[in-house]
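A short worksheet on the structure shown next.
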Amino acid sequence: QVQLVESGGGSVEVGGSLRLSCAASGPTAMTTYMAWFRRAPGKEREGVAAIDVNGDEYYADSAQGRFTISKDNAANTLSLQMNDLKPEDTAMFYCAADPRGFTTYDAFLGPQGYTYWGQGTQVTVSS
């Protein structure tokens, strides 16, 4: 049974930074591909960043240059370093994982491709 537990959310001012973590438990083969998603109030869930089995990273345009995804394979922990946060980054952030790979860049950031999900951690950015 795979479980994903996010932490690290909070409230920050514009321009601030946060580091999110996602601790994965269960068979490591089930969490080979991992990603961060977010859902802002009134909006659909969207992909933020993903990482594949080779350590290649995939970013949404909104995250490129400000966010960095990383994975500690030994600890089976996924992280998201977020810098220069903006009010539009306010959202519930979710960790997701899947054992399968994807064939396109967009697929890595599509929620429909991921089987396992955490409960989320709230990020609020105030101006």
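- The side-chain heavy atoms of Ser79 and Lys71, taken from C-beta on, include no pair separated by under 4.5 Å.
- Between Ala49 and Leu80 the shortest heavy-atom distance is CB-CD1, 4.1 Å.
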Check: residues 111-120 side-chain donor-acceptor pairs under 3.5 Å, at least two apart:
{"residue": "Tyr114", "atom": "OH", "partner": "Phe108", "partner atom": "O", "Å": "2.6"}
{"residue": "Thr115", "atom": "OG1", "partner": "Asp98", "partner atom": "OD1", "Å": "2.4"}
{"residue": "Trp117", "atom": "NE1", "partner": "Tyr114", "partner atom": "O", "Å": "3.1"}

Q: Give the C-alpha distance, both sets of side-chain angles, the deciding distance and a yes or no for side chain to side chain contact (heavy atoms under 4.5 Å, CB included) between Glu46 and Arg38.
A: CA-CA 6 Å; Glu46 63 174 357; Arg38 67 186 180 187; 2.7 Å; yes
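- With a 4.5 Å cut-off on side-chain heavy atoms, Pro87 and Glu13 do not count as touching.
- Checked options Leu18, Thr68, Val125; the residue passing with Met82 is Leu18 (criterion: side-chain contact (heavy atoms from CB on, under 4.5 Å)).
- Counting heavy atoms from C-beta outward, Asp106 and Tyr58 have side chains that stay 4.5 Å or more apart.
- No side-chain heavy atom of Gln81 sits less than 4.5 Å from a side-chain heavy atom of Leu20.
- Under the 3.5 Å distance criterion, the side-chain polar atoms of Arg66 are matched with a main-chain donor or acceptor of Asp84.
- Put simply, the side chain of Cys22 reaches to within 4.5 Å of the side chain of Met34, judged on heavy atoms.
- Looking at heavy atoms from C-beta onward, Thr90 lies in side-chain contact with Gln122 at the 4.5 angstrom threshold.
- Ion pairing between a basic and an acidic side chain is recognised when a charged N comes within 4.0 Å of a carboxylate O; Arg39 and Glu44 show no such pairing.
- Put simply, CD on Gln1 and CE on Met30 are 11.5 Å apart, with the number rounded to the nearest 0.5 Å.
- Proximity of a side-chain donor or acceptor of Asn73 to a complementary backbone N or O of Asn76 within less than 3.5 Å is not detected.
- Using a 4.5 Å heavy-atom cutoff, the side chains of Thr31 and Val2 are in contact.
- When side chains are defined from C-beta on, Glu57 does not count as touching Asp52, because their heavy atoms never get closer than 4.5 Å.
- In the model, Asn83 has a side-chain atom that pairs as donor or acceptor with a side-chain atom of Ser17 under 3.5 Å.
- Two different hydrophobic clusters hold Val5 and Val48 under the rule that ILVMFWY side chains link at heavy-atom gaps under 4.5 Å.
- Taking CG of Leu4 as the reference point, atom OG1 of Thr77 lies at 10.5 Å (rounded to 0.5 Å).
- Here CG of Leu85 is found 13.0 Å from OG of Ser127. Values are rounded to the nearest 0.5 Å.
- Residue Pro99 comes nearest to Ala29 through the heavy atom pair CB-O, 3.3 Å, listed as atom of the first residue, atom of the second, then distance.
- Trp36 contributes atom CH2, which lies 14.5 Å from atom CG of Leu109 (distance to the nearest 0.5 angstrom).
- Within the structure, no pair that satisfies the ring-ring contact (aromatic ring centres under 6.0 Å, His included) test touches residues 62-99, not counting sequence neighbours.
- Listed for the Thr124 side chain is no donor-acceptor partner under 3.5 Å among the backbone atoms of Ser11.
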